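Notes follow the structure.
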Amino acid sequence: MTTTRRARVTGVATALLVAASMLSGCGGNDAVADPPASSGSSPSGSSPASPSPSVEPASGGLLDTATASVNAPQGWPVTTLVKNQTVDAVPDNGLSVVGLSVISAFGAKPSLQQMARLDIRTGSYTHGQVMPETQLAGEPAFHVHGMATIGTTYDAYGLEHDGYVVTVVFKLHNTLRNPQEIIDSVLATVQLK
């Protein structure tokens, strides 16, 4: 199975796990640490997690659903995996992924902390940490950081909007020059519908 196909299958599987987990409730005693205090440092030497207001917005293809949309980095082909639920953009080398996932909250109103902990519990990555809250499209959002594979970081940003959990996922390989700029430029284009 190619890296690109594996990443897509993983994204769909994660989306289904999130949906199933939300059906059983978001509460509980999760074994996930609370967000670190804002000390200006971030895990694994990565840059701060909040989008920069002065970044140039991404101008690539549109990852679009009925609930939200976001632009991919320039030149990253976009593929719809599940209509109105999961859309990915993957560069030609297949080592990185930017994804948009929109899953029904099934009537629940999960907190940002609950959504972040659920992402850590059901995600296909390791060393997950809940990071300080940030914003998507001007709304408060959770941020989770971890390791997707050796040399590939995982960052997810999400919120509940109009009965759906909207999550923008970044699996970025260390061969990319400015991963934080990619994250910031994509997040600058998030539109909630």
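All values below were derived from every heavy atom in this structure, side-chain atoms included, with hydrogens, water molecules and symmetry-related copies excluded. Here the structure is a predicted model, which means the values were calculated and not measured.
Considering only heavy atoms from C-beta on, Asp155 comes within 4.5 Å of His143 through its side chain. Side chains of Pro140 and Leu112 form a contact here, defined as non-hydrogen atoms less than 4.5 Å apart. Proximity of Val130 to Ile120: side-chain heavy atoms (C-beta onward) are separated by under 4.5 Å at one or more points. Under the 4.5 Å side-chain criterion, counting only non-hydrogen atoms from C-beta, Leu187 is in contact with Leu136. Leu176 is listed as a side-chain neighbour of Ile182, based on a closest heavy-atom distance under 4.5 Å.
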Apply side-chain hydrogen bond (donor to acceptor under 3.5 Å, both in side chains) to the pair Asp119 and Tyr157, showing each step before the final yes or no.
CA-CA 10 Å; Asp119 191 272; Tyr157 298 82; over 6 Å; no

Step by step, would you call Ile103 with Gln85 a side-chain contact (heavy atoms from CB on, under 4.5 Å)?
CA-CA 6 Å; Ile103 304 297; Gln85 274 192 338; 4.2 Å; yes

Take Val78 and Val87 through the test side-chain contact (heavy atoms from CB on, under 4.5 Å) and record every step on the way to the result.
CA-CA 7 Å; Val78 174; Val87 187; 3.5 Å; yes

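In plain terms, the two heavy atoms of Pro110 and Val165 that are nearest each other are CG-CG2, 4.4 Å. Contact between Asn93 and Leu95 at its shortest, heavy atoms only, is OD1-N, 2.9 Å.
No donor-acceptor pair closer than 3.5 Å links the side chain of Ser69 to the backbone N or O of Leu63. No donor-acceptor distance shorter than 3.5 angstrom exists from the side chain of Thr152 to the backbone of Ala148, with no hydrogens or angles considered. Distance alone, capped at 3.5 Å, is enough to place a donor-acceptor pair between the Thr65 side chain and the Ala68 backbone.
Between the CG atom of Asp88 and the CG atom of Leu100 there is a distance of 9.0 Å, given to the nearest 0.5 Å. Distance check: Leu172 CG to Asn178 CG gives 11.0 Å after rounding to the nearest 0.5 Å. In this structure, the separation between CG on Leu159 and CD on Glu139 is 7.0 Å, given to the nearest 0.5 Å. Note that NZ of Lys171 and OG1 of Thr153 are 11.0 Å apart. Values are rounded to the nearest 0.5 Å. Put simply, CD on Gln129 and CE on Met147 are 11.5 Å apart, with the number rounded to the nearest 0.5 Å. In this structure, the separation between NE2 on His145 and OH on Tyr154 is 11.5 Å, given to the nearest 0.5 Å.
Ser185 meets the side chain to side chain contact (heavy atoms under 4.5 Å, CB included) test with Val55, Ala58; sequence neighbours excluded. Evaluation of the ring pair (Phe, Tyr, Trp, His ring centres under 6.0 Å) rule for Tyr164 yields no partner, not counting sequence neighbours.
Residues Val166 and Leu62 are members of separate hydrophobic clusters, defined by side-chain heavy-atom contacts under 4.5 angstrom among Ile, Leu, Val, Met, Phe, Trp and Tyr.
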With a cut-off of 3.5 Å and sequence neighbours excluded, list every side-chain donor-acceptor pair involving residues 70-77.
unit_1: Asn71; atom_1: ND2; unit_2: Gly60; atom_2: O; d: 2.8
unit_1: Gln74; atom_1: OE1; unit_2: Ser59; atom_2: OG; d: 2.9

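The salt bridge (charged side-chain N to carboxylate O under 4.0 Å, His left out) analysis of residues 62-71, with sequence neighbours excluded, yields the pairs Asp64-Lys193. Residue pairs meeting the salt bridge (charged side-chain N to carboxylate O under 4.0 Å, His left out) criterion with at least one member in residues 97-114, sequence neighbours excluded: Lys109-Glu160. Listed by first then second residue, pairs satisfying salt bridge (charged side-chain N to carboxylate O under 4.0 Å, His left out) with a partner in residues 142-152 number zero, not counting sequence neighbours.
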